[in-house]
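See structure below.
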Amino acid sequence: MKFGKSICVLNVGGTRYAFTREVIRDFPLRRVSRLHACATEKEVLELCDDYDRDRNEFFFDRHAQAFVFIMLYVRSGKLRFVPGVCELSFYTEMLYWGLETAHLDFCCQKRLDERMSDIGMDSLSEGDIILSGDECLTPEETVQQIALTGRAKWLERMRKTFEDPNSSLAAQLLASVSVIFVIVSMIMLCASTLPDWDTAKKTTVEEHRIVEAVCIGWFTAECIVRFLLARDKCNFIRHPLNIIDAIAITPYYVTMAMAGAGMPGAGLGVAGVILRVLRMMRVFWLMKLARHFLGLQTLGLTLRRCYREMVMLMVFVFVAMAIYSALAQLLEHGLDLDSKNQDFASIPAAAWWVIISMTTVGYGDVYPVTTGGRVLGGMCVVSGIVLLALPITFIYHSFVQCYHELKLRSARYARNVTSEIL
């Protein structure tokens, strides 16, 4: 910016904001940061509606209240819809200032997806929506924009590449490589439990160690890079999938440390048991697939939204199990009968029969022999079907809704990736 004062004033719908030139240059909103590269008033008027040279004030005829919430995003990193404002109107304001749907909080993304689906806009990408003002960048402007916020944009692009497999072609390739490493590590884990594995391991021990080390190295490097790129390190550490990553990676280094301490072959001791448990914890690598597959994401989102229904289901099962276990133990063993059923010698033992009966599994290893016990068994099966069906209906509808939301989002990202390739 080669004109005006050192203090720049943004007037958005009558609300004025004052910033220095340095702040304008690194401003997170693309339209505002592009003002710094303007050399003439003509270039400025391509980005705003009017300009006052005397006061160095830029006028934007936009929704003032929406810009307040956008400024809250600039300060706190959280972007939410304005109460009482149409989601599509706010979405248009976002695109005008250079924000995308990925900047919205998850709950607001859900509302936007539902709104766009209702009016048939879910087939449009963000570049297809007509904005107020000229958003088409010339090659020179594109170079200037990249030069202005190169580091910030690079960090954001890298963050999306590692966190969102559907954000770009590079992210999809990275996710594919990660899935391959997960599959290879799971094959190695399953093969290690085969009877002939110890014999094969003696002849190809180096190859096995190399494959395991390469897989662990990839997972470790991926986790470290994602931690370094994270906006909020505390939220990154608290995220369930990141905790699972740490649980899956740490056992390898603990095992190596124990081996270095001279405890690699303690087969029957405490160290040997710990080593076996740590090796088996590598099965948590399968949870990494939740980042890349829609079905696992839908399952996780459904469980998170339906935790109340899940608690209600558990309460139903435990209450019924307590009642039927006590009655079954009384009818089969507690009464003064000539022949007592030893499978129902205690209430905990009877609880096993109750749970497999209520879930209609029925292994047949435990069953009642008295007439009263058989009648109770029939009631247990029927009541189990009813009790399980009631909350599962709510969980099913939530699963369908979550799948629809994630499918819409995945389709939108796929269109963006296709546009990037073309």
Side-chain angles (χ1 to χ4, degrees), residues 1-83 85 89-105 108 126 129 131-160 229-233 235:
M1 186 181 298
K2 302 179 179 58
F3 57 93
K5 303 176 183 178
S6 60
I7 300 298
C8 303
V9 179
L10 304 182
N11 190 321
V12 182
T15 305
R16 304 171 76 244
Y17 304 85
F19 304 99
T20 63
R21 288 188 179 183
E22 290 73 17
V23 173
I24 293 293
R25 180 188 60 194
D26 300 324
F27 211 76
L29 303 181
R30 187 173 61 215
R31 180 176 288 270
V32 177
S33 62
R34 286 168 58 193
L35 291 173
H36 189 274
C38 296
T40 64
E41 290 191 27
K42 181 179 179 182
E43 295 179 2
V44 170
L45 293 177
E46 292 179 356
L47 298 174
C48 62
D49 297 299
D50 198 3
Y51 173 68
D52 188 339
R53 173 182 288 272
D54 296 334
R55 294 183 296 181
N56 199 30
E57 186 170 355
F58 304 86
F59 294 89
F60 297 88
D61 188 15
R62 307 300 301 185
H63 198 291
Q65 189 178 5
F67 190 74
V68 170
F69 276 70
I70 292 176
M71 286 300 297
L72 290 176
Y73 163 75
V74 173
R75 296 174 183 174
S76 63
K78 294 184 178 296
L79 181 60
R80 298 185 177 93
F81 285 134
V82 180
V85 176
S89 299
F90 186 80
Y91 181 48
T92 303
E93 293 294 321
M94 288 171 48
L95 296 180
Y96 176 84
W97 295 108
L99 298 177
E100 302 175 357
T101 54
H103 296 100
L104 281 169
D105 280 4
C108 294
E126 293 176 349
I129 300 178
L131 304 178
S132 300
D134 184 14
E135 277 295 294
C136 298
L137 300 179
T138 64
E140 294 77 9
E141 289 176 330
T142 304
V143 173
Q144 292 176 348
Q145 177 185 343
I146 296 175
L148 288 174
T149 59
R151 183 175 181 274
K153 292 183 64 177
W154 180 82
L155 288 175
E156 184 64 25
R157 188 180 301 111
M158 289 294 294
R159 187 180 298 112
K160 287 185 178 181
L229 294 174
R231 294 192 187 96
D232 191 332
K233 301 299 189 293
N235 288 338

- Message: Going by the rule ring-ring contact (aromatic ring centres under 6.0 Å, His included), which residues pair with F59 if we only count those two or more places apart in sequence or in a different chain?
- Response: none
- Test log, rule side-chain contact (heavy atoms from CB on, under 4.5 Å), inputs V74 and W97: CA-CA 12 Å; V74 173; W97 295 108; over 6 Å; no
- Note on the structure: Scanning both residues in full, the closest heavy-atom pair of V9 with R16 reads CG1-NH2, 3.7 Å
- Looking at A66 and H63, what are the two nearest heavy atoms and their distance? N-ND1, 3.0 Å
- Message: Exactly one of L29, V32, I7 should register a side-chain contact (heavy atoms from CB on, under 4.5 Å) with I24. Which one does?
- Response: V32
- Message: Contact between F58 and N56 at the side-chain level, heavy atoms closer than 4.5 Å - yes or no?
- Response: yes
- Is the centre of the F60 ring less than 6.0 Å from the centre of the F67 ring? no
- Item | Under the ring-ring contact (aromatic ring centres under 6.0 Å, His included) test, residues paired with F69 that sit two or more places apart | none
- S33 and R25: which non-hydrogen atoms are nearest, and at how many Å? CB-O, 3.8 Å
- Message: Nearest 0.5 angstrom please: Q65 CD to F90 CZ, how far?
- Response: 9.5 Å
- Message: Does atom NZ (K233) have a neighbourhood of more than 12 heavy atoms from anything else shown, all under 6.0 Å?
- Response: yes
- Query: For the residue pair A64 and V12, what are the closest heavy atoms and their distance?
  - Reply: CB-O, 3.6 Å
- Message: With rounding to the nearest 0.5 angstrom, report the CD to OH distance, E57 to Y51.
- Response: 10.0 Å
- With the side chain counted from C-beta on, respond yes when N11 and Y17 share a heavy-atom pair under 4.5 Å apart, and no when they do not. no
- Return the minimal non-hydrogen interatomic distance between I70 and E93, and the atom names on each side. CD1-O, 4.2 Å
